[in-house]
Amino acid sequence: MNMYDLIVKKRRGGELTEEEISWMVEGFTKEDIPDYQMSAMMMAICFVGMTKEETKHLTLSMAKSGDMLDLSGIHGIKVDKHSTGGVGDKTSLVLGPLVASLGVPVAKMSGRGLGHTGGTIDKLESFQGFRTDLPTEQFIRNVNTIHIALAGQTANLAPADKKLYALRDVTGTVEQMSLIASSIMSKKLAAGSDAIVLDVKTGDGAFMKTQENAEDLAKEMVDIGKLAGKDICAVVSDMDQPLGYAVGNALEVKEAIATLKGEGPRDLEELVLTLGSQMVYRAKKSDSVESARRKLEGALHNGMAFSKFLEWVEAQGGDIRQAKDVSLLPCAAYQTEVFSFEDGYVENIDTEDIGRIALLLGGGRETKESQIDLSVGLVLRKKKGDPVQKGESIAVIHANDKEKSEKAVQRLLQAYHISANCPEKEPLIKMIIE
Ligand code: URA
């Protein structure tokens, strides 16, 4: 078998066999297949697609490319959550400690930023000393003692996906349904949780731009999870505007902390409660989704969720002074208000562009080696449907470079569409697939 033939076969619309896929994944993991050939294969898949069978084989080959974590040492039903990626998506930072505060064992594997979307690991590194490379024994111990641990994908957990994820991030090959499904599910299967709650985003800021594609992706992942014996569901949620107001690593951490104290944006709180009630119910800590939601609402507003957050940050080596006093988190040198040129309502926000503005400011990676700037990003002041007056601020740009800040202001003005008509409200939660 050789990689050249497989690339040409896929480019011509052929279906790769189980044997070919597992040979390719193994060769890429061992570095026998170079990045440039794998990039060509990813691009061919973006154009031609993959069948359900191919997607299943790719998922299983990637899951088996390293260690399958044995989390049987954790007491209780372990739940994991994963988002397909969005702009301003700081859900995991709130959801993890919130659910853990009710005694649900949260054993969470998270990733770094991908394309125009941010990643939980990058955000958590806003806390000095926060470690995401926990050895398995400590990961298990933390879940057993404080009910939550979060780790980045270690070198040995689905290493094929880890390499492929970094490659897709910089080769324009992220937005393909089968690649996203196999990337997410390979990690979830290797990570050993009993239950999985997926947050599948749809809209301009998501990889799946239409609800139909998001539903297909959700169904595909739920099918793969069931096949592997997992208790799994997917929530399809709106990403036609950023979630909450903050976009950028440390800025999102600040907003997450406000939400953990019951003072967060309504959309973020609603999403957290919807996903969280599924997690609590599936962990059998509540006899219905509705009663799980009531308990979670209590924890957000009585201090339990924020206390758990502090406990978690401390257990992973982070500096909790920055959580108690958010002015100690990384902060950019320049803050520039962006003013509207017209009166009306925010009809639409080009959400992928908002994510790209955060990248332009230095909040994401342009190459595999790029270092990210945790302090930069933007905070929206207006969201869809909000009335705006000429000269009123619509957002604040946080930058460390004046030239980049000016470019960001121009792009932000282009990303906002203001019209005389107030747009109809879109539901945040589109559907739940069980
Ligand atoms: N999240 C992942 O882990 N992988 C993807 O491909 C997209 C989102």
Side-chain angles (χ1 to χ4, degrees), residues 66-83 90-112 119-158 162 187-197 230-231 249 252-253 256-257 259-261 272 275-276 278-280 282-285 295-296 299-300 303-324 329:
D67 299 338
M68 304 288 277
L69 268 189
D70 177 9
L71 297 185
S72 56
I74 295 177
H75 318 307
I77 301 171
K78 303 158 284 293
V79 270
D80 199 352
K81 166 260 169 188
H82 203 96
S83 154
K90 66 282 292 174
T91 311
S92 292
L93 301 179
V94 184
L95 189 59
L98 170 63
V99 168
S101 75
L102 297 187
V104 174
V106 179
K108 171 101 184 78
M109 292 292 154
S110 283
R112 295 196 178 272
T120 305
I121 295 287
D122 296 329
K123 290 169 201 176
L124 282 167
E125 287 177 356
S126 301
F127 292 107
Q128 269 168 25
F130 195 100
R131 283 190 56 194
T132 52
D133 59 346
L134 300 182
T136 309
E137 308 75 58
Q138 189 183 347
F139 182 84
I140 293 177
R141 199 170 340 113
N142 286 10
V143 184
N144 277 337
T145 48
I146 65 165
H147 297 126
I148 178 165
L150 179 143
Q153 200 173 351
T154 60
N156 283 337
L157 189 105
K162 191 175 183 177
K187 285 182 287 238
K188 298 297 108 178
L189 299 189
S193 279
D194 306 305
I196 302 165
V197 176
K230 304 286 178 187
D231 179 13
N249 296 290
E252 292 188 39
V253 169
I257 288 174
T259 310
L260 281 156
K261 293 175 172 173
V272 164
L275 295 165
Q278 290 291 337
M279 290 171 79
V280 172
R282 279 161 208 280
K284 304 212 185 322
K285 293 283 178 190
K295 289 183 192 172
L296 291 167
L300 271 187
M304 268 168 65
F306 183 57
S307 300
K308 183 56 74 181
F309 181 74
L310 294 177
E311 218 180 331
W312 171 41
V313 171
E314 190 163 39
Q316 298 208 201
D319 183 351
I320 55 166
R321 284 173 307 175
Q322 294 174 290
K324 289 179 175 165
L329 284 165

Report the C-alpha distance between V143 and V106 in whole Å, list the side-chain angles of each, state the deciding distance to 0.1 Å, and finish with yes or no for side-chain contact (heavy atoms from CB on, under 4.5 Å). CA-CA 7 Å; V143 184; V106 179; over 6 Å; no

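- Using a 4.5 Å heavy-atom threshold, the side chains of K81 and L275 count as touching.
- Between H147 and V99, the closest side-chain pair of non-hydrogen atoms is not below 4.5 Å.
- Of all the heavy atoms in P97 and W312, the pair that sits closest is CD-CZ3, 3.8 Å.
- Between D70 and S72, the shortest heavy-atom distance links the atoms OD1-OG, 2.6 Å.
- Atom CG of N144 and atom CZ of F139 lie 11.0 Å apart (nearest 0.5 Å).
- If you check the side chains of S193 and K188, you find no donor sitting under 3.5 Å from an acceptor.
- Of the possible polar contacts, one joining the K308 side chain to the I146 backbone as a donor-acceptor pair under 3.5 Å is found.
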Test log, rule side-chain contact (heavy atoms from CB on, under 4.5 Å), inputs D194 and V79: CA-CA 6 Å; D194 306 305; V79 270; over 6 Å; no

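- Between T259 atom OG1 and E252 atom CD the span is 11.0 Å, to the nearest 0.5 Å.
- Counting heavy atoms from C-beta on, the side chains of Q322 and D319 come closer than 4.5 Å.
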Assess whether side-chain contact (heavy atoms from CB on, under 4.5 Å) is satisfied between M279 and L95, documenting all intermediate values. CA-CA 9 Å; M279 290 171 79; L95 189 59; 3.7 Å; yes

Test K285 against L102 for side-chain contact (heavy atoms from CB on, under 4.5 Å), laying out the working first. CA-CA 8 Å; K285 293 283 178 190; L102 297 187; 5.6 Å; no

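- Separation of atoms CG (L157) and CE (M68) is listed at 9.0 Å; rounding is to 0.5 Å.
- D122 contributes no side-chain N or O that, together with a main-chain N or O of N249, makes up a donor-acceptor pair within less than 3.5 Å.
- Side-chain contact between K108 and K78 is absent, with no heavy-atom pair separated by less than 4.5 Å.
- Here the closest heavy-atom approach between residue N142 and residue A315 is recorded as ND2-O, 3.8 Å.
- Atoms CG and NZ, on L329 and K123 in that order, are 14.0 Å from each other to the nearest 0.5 Å.
- Checked by atom type and distance alone, the side chain of Q316 never pairs as donor or acceptor with a backbone atom of T132 at under 3.5 Å.
- Atom CG in D80 sits 9.0 Å away from atom CG in L71 (nearest 0.5 Å).
- Residues F309 and I257 approach most closely at CE2-CG1, 3.7 Å, considering heavy atoms.
- No side-chain donor-acceptor contact under 3.5 Å links D231 to the backbone of I196.
- In plain terms, the two heavy atoms of L98 and A305 that are nearest each other are CD1-CB, 3.8 Å.
- Contact between V253 and F127 at its shortest, heavy atoms only, is CG1-CZ, 3.6 Å.
- Between the N156 side chain and the D67 main chain, no donor and acceptor come within less than 3.5 Å of each other.
- A distance of 12.0 Å separates CG in L260 from CE in M304, rounded to the nearest 0.5 Å.
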